[in-house]
Amino acid sequence: MKVTININGKDYSADVEPRMTLVDFIRDVAGLKGTHVGCETGHCGACSVLIDGRPVKSCLMLAVQANGKRITTIEGIGKDGGPNEVQMALSSSKALQCAFCSTGFVVVGTWALEENGELTEDVIKESFIGNVCRCTGYEPIIKALRGVRKND
Ligand code: FES
Ligand code: FES
């Protein structure tokens with residue numbers, strides 16, 4: 001089936017198998033490898049992307065379902081050509097180990113900041129309920145992000 005998906009402002013078109021997942025389209029058709037594949041069952045959040053500004057686990061969606069939609073992946077996240085507030089907070093406090101989960105945390109954290117204006121502990125815990133980190137025990141991530149505010 002022929003699909004066209006706008007990813008980070010650029011249209012990608014391909015003839016794909018109906019069973020191709022969105023994450024495979026992003027990685028293998030668009031060649032954007034920052035969106036990771038962890039569980040492929042919707043549990044880990046490593047494959048998180050934004051669709052029309054809202055977080056979606058791209059392993060749970062088919063590429064054909066995303067036809068015509070606008071998607072933002074980790075490669076499209078940032079501010080003024082540099083890192084945004086969430087990326088700055090996570091990298092400056094080194095709140096990661098293997099970093100496999102980090103792109104998902106940045107994508108979802110960026111959405112949470114946009115929605116709430118500030119990342120309180122409650123907002124962080126609620127927003128990241130679908131993101132798994134096997135290394136950090138979460139405390140360094142919560143500590144890094146707690147109090148981050150949106151700077152316009
Ligand atoms: S790979 Fe999609 S939720 Fe784990
Ligand atoms: S830093 Fe390794 S899974 Fe999160």
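Every heavy atom of this structure was used, including side-chain atoms; hydrogens, water molecules and symmetry mates were not. Atoms within a ligand are numbered from 1 in the order they appear, just like the ligands themselves.
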Once you measure the plane-to-plane angle for Phe100 and His36, does it fall in the parallel (<30°), tilted (30-60°) or perpendicular (>60°) bin?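 Plane angle under 30°, so parallel.
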Compute whether any side-chain donor of one residue and acceptor of the other, for Thr4 and Asn67, lie under 3.5 angstrom apart.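 Absent: no donor and acceptor within the cut-off.
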Testing the 3.5 Å rule here: is there a donor-acceptor pair between the side chains of Asn8 and Thr73?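 Present: a donor and an acceptor within the cut-off.
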Is it true that, when you exclude Lys69 itself, more than 12 heavy atoms of the residues, nucleotides or ligands shown sit nearer than 6.0 Å to its NZ?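 For Lys69, atom NZ is not crowded (no more than 12 foreign heavy atoms under 6.0 Å).
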Sort by chain and number the protein N/O/S atoms that are closer than 2.8 Å to atom 2 (Fe) of ligand 1, and list them.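 Protein N, O or S atoms closer than 2.8 Å to atom 2 (Fe) of ligand 1: Cys47 SG, Cys59 SG.
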Residue and atom, protein N/O/S, under 2.8 Å of atom 2 (Fe) of ligand 2: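 Less than 2.8 Å away from atom 2 (Fe) of ligand 2 sit Cys98 SG, Cys135 SG.
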Hey, mind stepping through Arg27 and Val23 against side chain to side chain contact (heavy atoms under 4.5 Å, CB included) and telling me if it holds? CA-CA 6 Å; Arg27 290 176 57 86; Val23 71; 4.1 Å; yes
State whether the side chain of Glu121 and the backbone N or O of Arg146 hold a donor-acceptor pair below 3.5 Å, judged by distance alone.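 No, because the side chain of Glu121 does not come within donor-acceptor range (under 3.5 Å) of the backbone of Arg146.
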Are the side chain of Glu126 and the backbone N or O of Val123 linked by a donor-acceptor pair below 3.5 Å?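 No; zero donor-acceptor contacts below 3.5 Å.
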Stepwise side chain to side chain contact (heavy atoms under 4.5 Å, CB included) check, Tyr12 with Val3: CA-CA 8 Å; Tyr12 294 86; Val3 296; over 6 Å; no
How far apart are the C-alpha atoms of Arg149 and Glu85, what are their side-chain angles, what is the distance that settles it, and do they pass the salt bridge (charged side-chain N to carboxylate O under 4.0 Å, His left out) test? CA-CA 7 Å; Arg149 290 184 184 197; Glu85 298 89 338; over 6 Å; no
